[in-house]
Amino acid sequence: MYKLKIISSTVRPGRKGPLVAEWIAGLAKETGDFDVEVLDLGEINLPLMNERMHPMLRKYEHEHTKKWSALIEEADAFVFVTAEYDHGYPSPLRNAIEYLVHEWAYKAAGIVSYAGISAGTRASNDLKRDLATMKMVPLTEQVNIPTFTHFINDQNEFVPNEMSVKAGQNMLKSIVRWTKGLKLIKEDQ
Ligand SMILES: Cc1cc2nc3c(=O)[nH]c(=O)nc-3n(C[C@H](O)[C@H](O)[C@H](O)COP(=O)(O)O)c2cc1C
């Protein structure tokens with residue numbers, strides 16, 4: 001079993017990100033390949049990056065950073081669930097990424113984007129660049145959901161169509177494959 005952390009990118013009250021995150025978490029659990037945890041940045045509530053030292057040094061002063069570092073360090077792989085804000089990915093996610101360096105490295109990163117007609121593809125492309133900078137491997141297989149509010153039912157659950165489910169399953173398969181390989185690279189550091 002691999003430890004998969006699903007990171008939900010938005011923090012505003014009433015955010016929809018956690019609904020999408022719960023959906024992909026459920027799909028991941030169904031595979032039997034992962035021990036799954038959802039990390040909702042709205043709950044984790046990191047302040048704007050306020051560490052004195054460069055994160056390369058891992059000399060964290062603040063309790064919130066130590067906790068965030070431990071959560072990310074123990075992960076084998078990630079799924080980033082990202083909204084599209086102004087044609088990019090939301091700034092709370094950028095902030096959460098820049099708190100750390102080593103903890104992210106040599107881990108596979110799936111992306112689930114949700115938005116209006118754009119399906120969040122601009123946010124996803126924007127995010128991939130920053131994930132690669134942190135030595136994560138952003139996967140080709142991803143899920144981009146257009147007009148995502150059409151898939152939120154009266155019980156406030158996100159229930160996407162078959163196409164998104166297939167895309168999610170493909171992405172999760174790819175995460176397993178890459179995580180096997182990347183473990184070798186990580187051990188060789
Ligand atoms: C600040 C802001 C910027 C947005 N920019 C975009 C955008 O560029 N493209 C888009 O399709 N939707 C955009 N939207 C609409 C979001 O897709 C929609 O509000 C979604 O629910 C945001 O995710 P959240 O609920 O998790 O915050 C924007 C929403 C907000 C609040």
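Start at 1 and go down the list; that is how both ligands and their atoms are numbered.
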(request) For the residue pair Glu43 and Asn45, confirm or rule out a side-chain donor-acceptor distance under 3.5 Å. (result) no

(message) Could you measure the distance from the CD1 atom of Ile44 to the CD1 atom of Ile7? Nearest 0.5 Å is fine.
(response) 7.5 Å

(message) Please determine whether a side-chain nitrogen of the Lys or Arg among Asp76 and Lys107 lies less than 4.0 Å from a carboxylate oxygen of the Asp or Glu.
(response) no

Does ligand 1 have any N/O atom under 3.5 Å from a protein N/O, and what are those pairs and their distances?
{"residue": "ligand 1", "atom": "5 (N)", "partner": "Glu84", "partner atom": "O", "Å": "3.2"}
{"residue": "ligand 1", "atom": "5 (N)", "partner": "Asp86", "partner atom": "N", "Å": "2.9"}
{"residue": "ligand 1", "atom": "8 (O)", "partner": "Asp86", "partner atom": "N", "Å": "3.1"}
{"residue": "ligand 1", "atom": "8 (O)", "partner": "His87", "partner atom": "N", "Å": "2.9"}
{"residue": "ligand 1", "atom": "9 (N)", "partner": "Glu84", "partner atom": "OE2", "Å": "3.0"}
{"residue": "ligand 1", "atom": "11 (O)", "partner": "Gly116", "partner atom": "N", "Å": "2.9"}
{"residue": "ligand 1", "atom": "25 (O)", "partner": "Arg12", "partner atom": "NH2", "Å": "2.7"}
{"residue": "ligand 1", "atom": "25 (O)", "partner": "Lys16", "partner atom": "N", "Å": "2.7"}
{"residue": "ligand 1", "atom": "26 (O)", "partner": "Thr10", "partner atom": "OG1", "Å": "2.7"}
{"residue": "ligand 1", "atom": "26 (O)", "partner": "Lys16", "partner atom": "N", "Å": "3.2"}
{"residue": "ligand 1", "atom": "26 (O)", "partner": "Gly17", "partner atom": "N", "Å": "3.0"}
{"residue": "ligand 1", "atom": "26 (O)", "partner": "Tyr114", "partner atom": "OH", "Å": "2.6"}
{"residue": "ligand 1", "atom": "27 (O)", "partner": "Arg12", "partner atom": "NE", "Å": "2.7"}
{"residue": "ligand 1", "atom": "27 (O)", "partner": "Tyr85", "partner atom": "OH", "Å": "2.6"}

(request) Determine whether the side chains of Asp130 and Tyr89 contain a donor N or O and an acceptor N or O closer than 3.5 Å. (result) yes

(message) Any side-chain to backbone donor/acceptor pair from Ser113 onto Thr82? Under 3.5 Å, distance only.
(response) no

(message) For residues 157-183, which residue pairs pass the ring pair (Phe, Tyr, Trp, His ring centres under 6.0 Å) check, not counting sequence neighbours?
(response) Trp23-Phe158

